[in-house]
Amino acid sequence: MKQSLQTFLTLFILILITATNSAQKLEKKSEESTLKTDFTDRQEIIEIIENFYIGDHTGSIKHKKLSMHEKGAYRYVNKDGKYAESVFQLDSDSADPNYKEELLSIEIYDKLALARLRLDQFRTKLPEYKLMTLHKADGGWKITSITWGFGIIQ
């Protein structure tokens, strides 16, 4: 009786260890696939933002079209406190080399993303903050809206 109890306990412990290891491996695989998907989207979004800034700094129409949705728009409150918006001009070769951008964060919600950026304007001391809304449609990410604020100190 004592030996069969020992055998039972030994087998029970082995089964428990095996089940725990299998569960940990399954959980780890699930986490890895989630991280891989998230990282892929994050990389694509970073590339889209880089293309936007190449287009904005140099006037490259090619880079603007790679990054911005044709129906997207700038939306903001101007320095006079008035709301304004304008549709993206993808065929414009205008450029603005008067600032340096810094990507602060990216939040991804399935096919919607929000990127937060700080711009150091070379002509002013206060930074400007931009929020870019991106949507994943037709197989890729595009900037659909850019909103910013002037003189934000926090």
Side-chain angles (χ1 to χ4, degrees), residues 15-154:
I15 290 170
L16 187 62
I17 290 172
T18 304
T20 302
N21 283 341
S22 295
Q24 287 174 348
K25 286 178 185 176
L26 284 173
E27 184 177 308
K28 188 174 181 180
K29 274 187 176 181
S30 175
E31 286 176 11
E32 287 173 359
S33 69
T34 301
L35 289 175
K36 184 177 180 185
T37 302
D38 185 47
F39 182 73
T40 300
D41 283 335
R42 189 170 302 281
Q43 265 316 113
E44 288 177 25
I45 290 166
I46 289 169
E47 288 175 25
I48 291 296
I49 292 169
E50 287 173 353
N51 282 327
F52 170 81
Y53 282 110
I54 291 170
D56 201 39
H57 289 310
T58 67
S60 167
I61 292 170
K62 172 188 169 190
H63 287 90
K64 289 179 181 184
K65 288 182 176 182
L66 285 171
S67 61
M68 302 164 79
H69 192 278
E70 62 189 20
K71 294 183 180 179
Y74 294 101
R75 295 175 173 89
Y76 58 97
V77 174
N78 66 23
K79 292 179 182 180
D80 298 325
K82 305 284 185 202
Y83 176 81
E85 70 178 55
S86 62
V87 176
F88 295 152
Q89 300 296 316
L90 301 182
D91 292 322
S92 169
D93 63 355
S94 65
D96 184 0
N98 296 313
Y99 67 90
K100 181 177 173 30
E101 69 281 347
E102 176 187 4
L103 179 59
L104 300 175
S105 68
I106 298 172
E107 298 173 35
I108 302 170
Y109 307 97
D110 193 27
K111 297 189 182 335
L112 168 69
L114 178 66
R116 299 169 193 230
L117 299 107
R118 178 177 39 238
L119 280 58
D120 288 321
Q121 299 285 346
F122 299 144
R123 294 173 273 158
T124 63
K125 291 184 181 189
L126 289 177
E128 179 180 312
Y129 291 87
K130 275 192 178 173
L131 300 175
M132 290 184 177
T133 304
L134 298 93
H135 286 88
K136 187 175 191 178
D138 302 323
W141 289 95
K142 292 283 184 167
I143 300 167
T144 55
S145 179
I146 299 175
T147 304
W148 67 88
F150 293 96
I152 298 169
I153 55 174
Q154 290 183 351

(request) For Lys65, check salt bridge (charged side-chain N to carboxylate O under 4.0 Å, His left out) against everything at least two apart and list the hits. (result) Asp91
(request) Identify, with sequence neighbours excluded, every residue that meets salt bridge (charged side-chain N to carboxylate O under 4.0 Å, His left out) alongside Glu44. (result) none
(message) We want to know whether Ser92 and Ser94 form a side-chain donor-acceptor pair, criterion being a heavy-atom distance below 3.5 angstrom.
(response) yes
(request) Could you tell me whether a side-chain N or O of Arg75 sits under 3.5 Å from a main-chain N or O of Ser145, the two making a donor and an acceptor? (result) no
(request) Could you tell me whether the side chain of Gln89 and the main chain of Val87 form a donor-acceptor pair under 3.5 Å? (result) yes
(request) Would you mind reporting whether Ile108 and Trp141 have side-chain heavy atoms less than 4.5 Å apart? (result) yes
(message) Side chains of Trp148 and Leu119, heavy atoms from C-beta outward: is any pair under 4.5 Å?
(response) no
(message) Taking the basic N atoms (NZ, or NE/NH1/NH2) and the acidic carboxylate oxygens, is any pair closer than 4.0 Å for Glu107 and Arg116?
(response) yes
(request) Pick out which of His135, His69, Glu70 makes a side chain to side chain donor-acceptor pair (under 3.5 Å) with Thr144. (result) His135
(message) Could you report the tightest heavy-atom contact between Ala95 and Thr58, atom names first, then the distance?
(response) CB-C, 3.6 Å
(request) Give the minimum heavy-atom separation between Phe122 and Lys100, together with the two atoms involved. (result) CZ-N, 3.9 Å
Measuring from atom [atom1] of [X] to atom [atom2] of [Y], what distance do you get when rounded to the nearest 0.5 angstrom?
X: Leu90; Y: His63; atom1: CG; atom2: NE2; result: 14.0 Å
X: Glu50; Y: Ile45; atom1: CD; atom2: CD1; result: 12.5 Å
X: Tyr53; Y: Asp96; atom1: OH; atom2: CG; result: 10.0 Å
X: Gln43; Y: Thr40; atom1: CD; atom2: OG1; result: 8.5 Å
X: Lys136; Y: Lys111; atom1: NZ; atom2: NZ; result: 5.5 Å
X: Phe52; Y: Lys64; atom1: CZ; atom2: NZ; result: 8.0 Å

(message) Using the rule given for side-chain contact (heavy atoms from CB on, under 4.5 Å), can you reason through Leu114 versus Thr133, listing the C-alpha separation, both sets of side-chain angles and the distance that settles it, and then say yes or no?
(response) CA-CA 5 Å; Leu114 178 66; Thr133 304; 4.3 Å; yes
(message) Looking at Tyr99, I'd like to know if the NZ or CZ of Lys130 sits under 6.0 Å from its six-membered ring centre while staying within 45 degrees of the ring's axis.
(response) yes
(request) For a side-chain contact (heavy atoms from CB on, under 4.5 Å) with Leu117, tell me which candidate from Leu104, Ile146, Ile49 qualifies. (result) Ile49
